[in-house]
Amino acid sequence: MAETRRLLRDNLRQWGVPALADTAELLTTELVTNALQHTGGGAELTATLSPAPRNRLRIEVRDSLARRPPRRGVAAAPAAGAGEHGTSGRGLLLVQALSDAWGVNARGTGKVVWFELAAHAA
């Protein structure tokens with residue numbers, strides 16, 4: 001994950017929007033972690049910066065399966081919620097709170113979760 005964050009930060013610097021790095025890294029980490037934790041496959045990350053006048057950074061994380069199947073002989077456990085003492089479940093709340101737009105699109109055997117941040121050139 002550290003290499004992914006470094007590459008993202010480097011690209012944002014090259015694109016002239018380094019101010020987005022902290023928020024983009026945090027939200028990207030949340031989406032990639034969700035994809036890896038909740039599916040049996042990997043995750044594919046795409047980052048694009050739309051040209052003016054829109055100027056938006058869009059991060060997409062594609063997973064390969066809709067959900068991870070339960071292990072053989074093990075009942076699926078209920079997911080921990082984002083309650084006061086929960087240890088998970090806050091990632092998408094962060095994405096919703098910190099992004100300018102976000103969503104989920106079904107894609108074949110998986111889905112794409114994405115967010116956008118308004119980009120202001122440095």
Which atom pairs, donor and acceptor, lie under 3.5 Å between side-chain atoms of residues 24-33 and protein residues at least two apart or in another chain?
from: Glu25; atom 1: OE2; to: Arg9; atom 2: NE; distance (Å): 2.5
from: Glu25; atom 1: OE2; to: Arg9; atom 2: NH2; distance (Å): 2.6
from: Thr28; atom 1: OG1; to: Ala24; atom 2: O; distance (Å): 2.7
from: Thr29; atom 1: OG1; to: Glu25; atom 2: O; distance (Å): 2.8
from: Thr33; atom 1: OG1; to: Thr29; atom 2: O; distance (Å): 2.7

Below 4.5 Å, heavy atoms only, C-beta onward: do Trp15 and Leu20 meet side chain to side chain?
no

Test: salt bridge (charged side-chain N to carboxylate O under 4.0 Å, His left out). Region: residues 95-104. Which pairs qualify, not counting sequence neighbours?
none

Assigning hydrophobic clusters by single linkage (Ile, Leu, Val, Met, Phe, Trp, Tyr; side-chain heavy-atom cutoff under 4.5 Å), is Val95 placed with Val112?
no

Please tell me if the side chains of Trp102 and Leu92 come closer than 4.5 Å, counting only heavy atoms from C-beta onward.
yes

Run the salt bridge (Lys or Arg N to Asp or Glu O under 4.0 Å) test against Arg6 and tell me which residues pass, sequence neighbours left out.
Glu3, Asp10

Report yes if some heavy atom in the side chain of Val17 is under 4.5 Å from a heavy atom in the side chain of Leu57; otherwise report no.
no

Which heavy atom of Ala119 sits nearest to which heavy atom of Leu49, and what is that distance?
CB-CD1, 3.6 Å

Residues that Arg58 engages under salt bridge (Lys or Arg N to Asp or Glu O under 4.0 Å), provided they are two or more places apart
Glu60, Glu116

For the backbone of Ala43 and the side chain of Asp63, can you confirm whether one donor and one acceptor N or O come within less than 3.5 Å of each other?
no

Side chains of Leu45 and Leu8: closer than 4.5 Å at any heavy-atom pair?
no

Hydrophobic cluster membership, with links at side-chain heavy-atom distances under 4.5 Å among I/L/V/M/F/W/Y: are Phe115 and Leu7 in one?
no

